[in-house]
Amino acid sequence: MTSLTLDAAEKILDAAHQRAQAIGKAVSVAVVDAGGFPIAIRRPDGARPLTPDIARAKAYTAAIMQRPGTMLKKWQESQPVFFSQLSQLPGAAMPIMATEGSVTIKKDGEIIGGLGIAGGTAAEDQQIAEDVLKSLGYELEFAAWGVSGGKG
């Protein structure tokens with residue numbers, strides 16, 4: 001079983017902040033384990049105060065729903081009532097945020113956590129997350145719900 005270590009989480013944070021600085025953005029970054037529990041969260045100078053909480057909620061969503069926010073967003077649009085109730089479940093520790101900048105962390109076919117980026121535009125948050133995970137060797141392919149092994 002692969003796990004996401006603090007060292008690996010800090011590498012993701014460092015890479016995300018370098019990528020964000022390259023495009024002139026101050027973004028907060030959160031990395032959680034597969035259960036949605038925080039491993040590392042960082043808000044750089046200049047990032048808005050609420051962005052760490054948003055980043056954590058995005059990371060939590062990607063981890064516990066086991067799919068990136070962009071895939072969940074389509075599901076949310078088709079079943080808004082279901083999604084509005086998810087955050088109110090007794091076991092939900094954070095709001096469910098099915099949006100860009102919420103990317104599931106997967107390695108060797110196993111889901112090991114979630115990455116949340118907040119502070120740029122939706123497209124910038126998503127691009128930073130995908131660029132960072134790809135550059136560090138994580139997988140970005142996810143099967144659609146109810147389909148094993150296919151691309152979603």
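Residue numbers start at 1 and run along the sequence shown.
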If two hydrophobic side chains count as joined below 4.5 Å and joins carry through other members, does [X] share a cluster with [Y]?
X	Y	answer
L136	L6	yes
I41	V31	no
V103	V132	yes
V29	I23	yes

Do side-chain atoms of [X] reach the backbone of [Y] as a donor and acceptor pair under 3.5 angstrom?
X	Y	answer
S102	T61	no
D33	G35	yes
K58	E100	yes
R42	A30	no
E139	D108	yes

How close do [X] and [Y] get, counting heavy atoms only, and between which atoms?
X	Y	value
Q76	F83	CA-CD1, 3.5 Å
I54	A118	CG2-CB, 3.7 Å
V32	Y60	CG2-N, 4.0 Å
T5	I39	O-CG2, 4.1 Å
R67	A143	NE-O, 2.7 Å
K107	I112	CB-CD1, 4.0 Å

Given side chains that start at C-beta, do those of [X] and [Y] come closer than 4.5 Å, heavy atoms only?
X	Y	value
I96	I64	yes
I105	L133	yes
Y138	I12	yes
M65	L86	yes

_Pair E141 + K106: basic N to acidic O under 4.0 Å_ = no
_The criterion is side chain to side chain donor-acceptor pair (under 3.5 Å); which residues satisfy it with E124, sequence neighbours excluded?_
K25, T121
*Check side chain to side chain donor-acceptor pair (under 3.5 Å) between S28 and all other residues, then give those that pass, not counting sequence neighbours.*
T51
Nearest 0.5 angstrom please: [X] [atom1] to [Y] [atom2], how far?
X	Y	atom1	atom2	value
R19	E130	CZ	CD	11.0 Å
L140	T104	CG	OG1	10.0 Å
F37	R56	CZ	CZ	9.0 Å
Q18	I128	CD	CD1	12.0 Å
K74	Q79	NZ	CD	15.0 Å
R43	H17	CZ	NE2	10.0 Å

